[in-house]
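First comes the structure, then the notes that go with it.
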There are 2 protein chains.
Amino acid sequence: MILNKTTEYALTVLGFMATRNDNMYSAEYLHQQLNIPRRYLRSLLTDLSKHGFLKSSSGRNGGFVFAQELKEINLALVINKLEGIDAICNCILGFSCCIVDKPCIMHEPWMEARSKMIETLTNTTFADLKEKYQMDLLKNLKLI
Amino acid sequence: MILNKTTEYALTVLGFMATRNDNMYSAEYLHQQLNIPRRYLRSLLTDLSKHGFLKSSSGRNGGFVFAQELKEINLALVINKLEGIDAICNCILGFSCCIVDKPCIMHEPWMEARSKMIETLTNTTFADLKEKYQMDLLKNLKLI
DNA sequence: ATATATTACTATCTTTTTATAGTATTTAAT
DNA sequence: ATTAAATACTATAAAAAGATAGTAATATAT
C-alpha cells in the first residue's frame, strides 16, 4: 500500500528539480538539499537518466537536467518505471482462478481502487507540481 | 504501489474463508488450497487472530474461524493492521517542509490518489465478497 | 490415559531492498 | 597539461522482508 523507498526518493528528487528554477543539479547538491544517501542518490540519478527522465553531463559543472518537458512526465510514469505498476500481478490474489474469463472475488474492488489511484497519478505532471509550487510561493509572499 | 506479500496472503486467506461455507479451517488445509508457504501461513493466521479478525482453537479438529461478522471486516482494515495505511508517512515526500501548515508540492495529488483508493477498500467488506462469489457461482451453474 | 492433529513460540536461514566503498571515466577551468 | 568537480561502473555490506525448522503446548477422538 506504499511506494518503496527508491520510488519515493525518485519522486522527491524530480519534484525538487521541477519546482526550482535552475536547470542543472549536481548529485552532491541534491543530496545536501534532500538528505537522500549520497551514493544511493547517485545511482538513482543514473537510473533516472537511463529511463529517459533526466540527462546527465559529466565533468566539472556537470549534473542532471530534465530530458523531457515537465508536462510530459507524470507521477504514474515514474512509479511505473521504477517499480512497475503493471509488472505486478494485476490481481491482489494469487488464486489461480483469477484469469480474464473468471476473475477472483477480490479482482473487482481491487482493480477499482487501483485504477482510481493510477488515474490521479497519471493526471499529475511535474508541470502541475511546478505551477502549484509557484502559486504557493506567491501566497506565502503575500502573507509576509 | 503494491501490497506486500504478507498482506496479499492475508487477503487471499480471508477471502477464501469468507466465500466458502465451512466455518473452521485448519492452517494445513488452507495451505493446500492456496499454495501459501505452510509455516509462513501458520504464523500469519496466528497474527490475524491476534489482530482480532480470526479466532483459533488448538488441538485435534482445531483451526481458525472468523472472530467477527463478515460485514464488519473491510479490506482497508486488514491492510491497515498488517502494513499500516496510516503508520506510513502521510506524505510521499520526505520534505521536511511537508507539515500541516505548509504541505509539500506532492502532498495534494498523493493524498487524493491515496484517499480514493482507501475509500474503495473501506467500502468493500468480506460480506460483499461472499455475496459476489455466490452470485458468480450461480451464473456459472446456469451456464452448465 | 494415549495418540494424534492441531496451534504457539523462538530461532535461524534466504532473498530482496537499501546503502556504502573503491576505482575509473569524463570534462571544464586554470 | 594539470587539476578539480563531477558522473559511471562494479562489488560488497547492512537492513528488512519472506520463508523454514524444531520443539512445546493444547485439545479432541479413541
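Order of the sequence lines sets the chain letters (A, B, ...), proteins ahead of strands, with each chain counted from 1. Computation of the quantities below employed the complete heavy-atom set of this structure, encompassing side-chain atoms and omitting hydrogens, waters and symmetry-equivalent molecules.
In this structure, the side chains of B:M17 and B:L30 come closer than 4.5 Å at one or more pairs of heavy atoms.
The residue B:R42 sits close to a base: some heavy atom pair falls under 4.0 Å. The residue B:K55 sits apart from the nucleic acid: no heavy atom pair falls under 4.0 Å.
Ring geometry for A:Y40 versus A:Y9: interplanar angle over 60°, hence perpendicular rather than tilted (30 to 60°). Classification of the A:F16-A:Y25 ring pair by plane angle, with boundaries at 30° and 60°, yields perpendicular.
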Under 3.5 Å, N/O pairs linking protein and nucleotides 27-30 of chain D:
from	atom 1	to	atom 2	distance (Å)
D:dA29	O4'	B:R60	NH1	3.3

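B:L45 places its CG atom 14 Å from the P atom of C:dC9, with the value rounded to the nearest Å. Computed from coordinates, the B:N35 CG to D:dT20 P distance equals 12 Å when rounded to whole Å. Rounding to whole angstrom units, OH of residue A:Y25 and P of D:dA5 are separated by 21 Å. A:D47 places its CG atom 14 Å from the P atom of C:dA19, with the value rounded to the nearest Å. Remark: C1' of C:dA5 and NE2 of B:H31 are 16 Å apart, rounded to the nearest angstrom.
Comparing B:G62 and A:R38 by the nucleotide of DNA chain C whose heavy atom lies nearest to each, the residue mapping closer to the 5' end is B:G62.
Residues B:L14 and B:Y29 are members of one and the same hydrophobic cluster, defined by side-chain heavy-atom contacts under 4.5 angstrom among Ile, Leu, Val, Met, Phe, Trp and Tyr.
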Base, backbone or nothing for each nucleotide of nucleotides 12-19 of chain D, written B, S, -, heavy atoms under 4.0 angstrom, 5' to 3'? ------BB
